[in-house]
Structure formats: C-alpha cells, structure tokens
Amino acid sequence: MNTILVGAQWGDEGKGKIIDVLTEEADIVVRSQGGNNAGHTVEIGKEKFVLHLIPSGILRAGKKCVIANGVVIDPVALVGEIEGLEKRGIKLANRLLISETAHLVLPYHRALDEQRELRKGSNKIGTTKRGIGPAYGDKAARTGLRVLDLVRPKTFSTKLKSRIEENNAILKTLGGAPLSFPEVERTYLEAGRKLAPYITNTVVWLHGQLEKQKRILFEGAQGTFLDIDFGTYPFVTSSNTTAGGSCTGTGVPPHRMDRVVGVMKAYTTRVGEGPLPTESAQVSAMLHAMGREFGATTGRARRCGWFDAVATRYARVVNGIDDLAITNLDGLDTLKEIQICVAYEYRGKRIAFPPNDAEEFLHCRPIYRKFAGWQKSTSAIRHFKKLPVAAQRYLKALAELTGARLRIVSVGAQREQTFQV
Ligand code: IMP
C-alpha cells in the first residue's frame, strides 16, 4: 500500500503527527516538495521534535526516509537538522537518502525573499523568509543549483560565483546587502561534504524498493490552499502541495499510488496573508489563550476560524482524498456551540467552490450551520464510540461535508492521542 498524505487546508493541519502514526504501516517515508518552510511537530512522551526537511518517519527506528527531487534544500539548515537529531540519539546513517537533483536554497534566495516581501508592503505574502519562492523561481528559470552540484566543488564554485554576481546586482537594486562569494562557497561546500554520504539517485532507489513491494508513505508539506496552482494565488507557497506533487516530486508514477489521506483540523487556521473566509476573533482568542496555534517554524500566531467545508470539499476533489484524518478535536472541547461553513455567499449568490480570484475570495462571506458543542475533555478518549455524542455528530458532519471517509481522529499532541475509526 502506497499512501499519499496531504494537508486539506492551509497547512499546519497536524500532518507530522499523522505521518508518525501512519509510518508504523510503512517501510519508507518520502518528502516530495517544499523546503524548510515546513515545520512538522511530533511529540513522543516528554520529547518534542520539530522537523523541517527530514521526513517525520525518521523518528521510528528502522524506517528509511527520502528527501526527493521536488524538495528545495537549504544544505546548512539540513546539516543542522541532521546533527540536532543525532545529538538526541536518532541514527540517520543508511536511513536517510537525499536526491541529487533536488534544488538548493542559497543565501541569496533568503535575501531576495526578504527584500521582495519588504517591497510589497501591505500586499506582502507573509512568507517564512526561508528563500523558498526564489529557489523554486530559479528552478523554473533554469538558473538553479542542485544537490549534485554541491558535491562537485569545482562546478559548484563556478556556478555559485556567477549566481552571486547576478543576485548581488539585484539585491543592490532592491536595497539589500550583497553576499560574499568566498564565505558562501566555504560554508556550503562544508555542508556538502557533510551531506555527501546521504546523496544518491533517489528515483532509481525508490523504483528498486517498489519492485521489492516496500510500502511508501509520501509526506506532503504545507496544505492544499498553499498550492502554487490550486491555492489562493498569490498567497501561496511555490510548490505543488497537492497529491500530484508526490509524483512529480519523486519520480513515482500515479498508478503506483494506492490511496490519498487528507489531514485537516477540526477547525481552520492559516499563517501569512490571504483569504480565510471563516476567520473568527472568538476562535483565535480561545485557541491562543490555550497556548495553541503558534507556528512551528516562525512562532507566528496563526489566524484561526471555524471549519470551512467549502475549502475541504475542494481539497477532496483536487487531491482525490479517500480517507480523512481529523486533528485537534480537543481544541473545541470547551465550546457550547460550534459552526461549520457549508457554502459561501459572494455578491448575494451562494457558491459551493472557492473562487480562483484572491480578491473575490477575500469578499466571500461564510454561510454557517450550527452544531451543539460537547463541553467535555476528549483528550483521554481512544475510541470513536466513547466520544461525546455531539463530538461524534460533529466529526461525521465534517467527513460528510468534505465527501471522504473518516479514518483517523486526533485529540492531542501525543502519539497515543490518536485512534482509527
Ligand atoms: P513560503 O513558503 O515561505 O514562501 O510562504 C508562502 C506562504 O505559505 C506563507 O503564507 C506562509 O506562511 C505559508 N507557509 C509556508 N510553509 C508553511 C507551513 O509549513 N505551514 C503553514 N503555512 C506555511
């Protein structure tokens, strides 16, 4: 069974935790897109791990993890992540594979990301400033450097020199500080030496594993509405965060995929700018007061709102979601009444799909259906039938309105606080 896991909302759906749980039934976990803009949190006992580039599967002994061709890799950040895990006793040798064709995120990408955001002023995207957009931009413009360049020092230095010259000129125009070629060269070649043992042709390796009937879990990063094609453009990230990205980002063809699992919170959150029709000051205040909904990568407070079934229905369609994992149910435990957005109203018309124009999307008003809350803690519950009846009803409604099977429910951050339905 090969499974694609995607975020059905705006990212931060709790994918890290669900991946960790699903990894039990997989041999290999693969990241296929995004970069260290992602932050996947897994809590095991008293230990908390936040992974940015390495698949969360690394936390389960014996599982192999792949950072595939569709990911953009900041080599210095990746070395930091590897060393951080090793210090905590996680062994990576012979368990982590890095694609030689993945593109690199270099310091000028981060600098450009920052300068472009500054220039946009109030129209900013609210990026993580990790250089993700400019790195994918270079990939599409065919001016990117790849992992295989990093371990060919001569080629790397030649290409890097010309890229830094060009980007320093752009940075100067934008008002940013120029980069020092010798310093970047030294730091990145050193990172390249540390990464070298993990670098390989992951396409060939993955196909070898498929022949051996190994089970692969494709770990999506970010969420459907941050997808470069299907998200709320331009308030999106720069990769295909939807199910198709698992094929183009790894070289594994569509007919080898068996199911798509969509992860979504029992409510909605978003970091960064852009439309969020169900945003609610009440829901934000409640969750933030509980100490929840602060970004794992940037620490920013997330914008929060009611569950948006218009959005998740669209996510089901573009991803082909079969099974749903609903997380953070416990976040709603104290509420007397809960709302679900079942349609939008735009200029007096009821619409069932999110509009493609971000401006129109911004002006959609949610049409809500009200549900009774359960006002009981769910965090110790491990069986669907043991949940308060109102919580069961609420979860069933989320699945029905989204149009997929409810399979996993999560009621807390811990690995154990998850059950299958
Ligand atoms: P970028 O990916 O850093 O370019 O940011 C573009 C948009 O995607 C911003 O709104 C970010 O907040 C958002 N974003 C990027 N990565 C994540 C993530 O892992 N979770 C949630 N939002 C993200």
Side-chain angles (χ1 to χ4, degrees), residues 5-19 31-42 49-56 67 70-74 77 81 103 105-106 108-120 122-140 219-242 245 249 263-265 267-276 279 287 292-305 311 315 327-328 358 361-362:
L5 182 136
V6 291
Q9 296 162 319
W10 275 269
D12 306 319
E13 296 91 349
K15 293 181 294 294
K17 190 198 160 168
I18 303 299
I19 293 153
R31 259 291 292 275
S32 34
Q33 44 69 228
N36 62 336
N37 48 350
H40 292 166
T41 308
V42 182
F49 296 87
V50 183
L51 296 146
H52 299 284
L53 277 162
I54 300 174
S56 326
I67 302 178
V71 177
V72 286
I73 300 176
D74 179 330
E81 208 170 313
H103 276 249
V105 181
L106 289 155
Y108 48 83
H109 294 129
R110 279 196 305 277
L112 288 171
D113 197 354
E114 187 159 358
Q115 291 306 323
R116 284 180 189 154
E117 281 284 270
L118 280 173
R119 286 215 142 200
K120 285 194 179 110
S122 60
N123 292 323
K124 69 176 195 264
I125 295 168
T127 74
T128 60
K129 300 207 180 97
R130 299 293 191 274
I132 305 302
Y136 277 114
D138 270 355
K139 177 178 177 177
E219 165 173 342
Q222 291 87 39
T224 299
F225 291 92
L226 293 175
D227 185 286
I228 184 87
D229 284 279
F230 306 108
T232 53
Y233 193 90
F235 303 102
V236 293
T237 191
S238 300
S239 61
N240 281 117
T241 60
T242 45
V263 186
M264 55 196 207
K265 276 179 178 148
Y267 46 91
T268 307
T269 65
R270 161 166 219 172
V271 272
E273 307 305 314
L276 189 66
E279 188 165 12
L287 294 164
R292 304 167 81 115
E293 303 309 340
F294 293 93
T297 300
T298 59
R300 288 182 290 179
R302 296 179 185 139
R303 299 157 62 195
C304 309
T327 67
N328 290 271
F361 206 159
L362 270 174

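Just the heavy atoms: all of them, side chains too, but no hydrogens, waters or symmetry mates, feed the values below. Whatever order the structure lists ligands and atoms in, that order sets their numbers, starting from 1.
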Main-chain N/O of S239 paired with T237 side-chain donor or acceptor, under 3.5 Å: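 Between the backbone of S239 and the side chain of T237 there is no qualifying donor-acceptor contact (under 3.5 Å).
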Residue pairs, two or more places apart or on separate chains, that pass salt bridge (Lys or Arg N to Asp or Glu O under 4.0 Å) and touch residues 108-120: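 Every pair satisfying salt bridge (Lys or Arg N to Asp or Glu O under 4.0 Å) with a residue in residues 108-120: D74-R110.
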[X], any N or O under 3.5 Å of ligand 1 N or O:
X	answer
I132	no
T128	yes
N37	yes
E273	no

R300 to ligand 1, any heavy atom closer than 4.0 Å: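 Checking ligand 1 against R300, which is what was asked, there is a heavy-atom contact under 4.0 Å.
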Heavy atom of V236, distance to ligand 1 below 4.0 Å: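 V236: in contact with ligand 1 (<4.0 Å).
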Would you kindly say whether [X] and [Y] are connected by a side-chain donor-acceptor distance under 3.5 Å?
X	Y	result
T232	R270	yes
Q33	Y136	no
H109	D138	yes

Would you mind running through ligand 1 and noting each atom that sits below 4.0 Å from a heavy atom of [X]?
X	answer
G126	9 (C), 10 (O), 11 (C), 12 (O)
W10	21 (C), 22 (N)
Q222	15 (C), 16 (N), 17 (C), 18 (C), 19 (O)

Aromatic ring pairing F361/W10, orientation class (parallel under 30°, perpendicular over 60°, tilted between):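 Tilted, since the angle between the ring planes falls between 30° and 60°.
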Give the residue, atom name and distance (to 0.1 Å) of the protein heavy atom nearest [atom].
atom	value
atom 5 (O) of ligand 1	T127 CA, 3.4 Å
atom 10 (O) of ligand 1	V271 O, 3.2 Å
atom 2 (O) of ligand 1	T237 OG1, 2.6 Å
atom 13 (C) of ligand 1	L226 CD1, 3.8 Å
atom 21 (C) of ligand 1	D12 OD2, 3.1 Å

Of H52, Q222, R130, the residue whose pairing with N37 passes side chain to side chain donor-acceptor pair (under 3.5 Å):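 Result for side chain to side chain donor-acceptor pair (under 3.5 Å) with N37: Q222.
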Criterion side-chain hydrogen bond (donor to acceptor under 3.5 Å, both in side chains) on Q9 and Y267, from CA distance to verdict: CA-CA 10 Å; Q9 296 162 319; Y267 46 91; over 6 Å; no
Interatomic distance, L276 atom CG to L362 atom CG [nearest 0.5 angstrom]: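 Going from the CG atom of L276 to the CG atom of L362 covers 10.0 Å.
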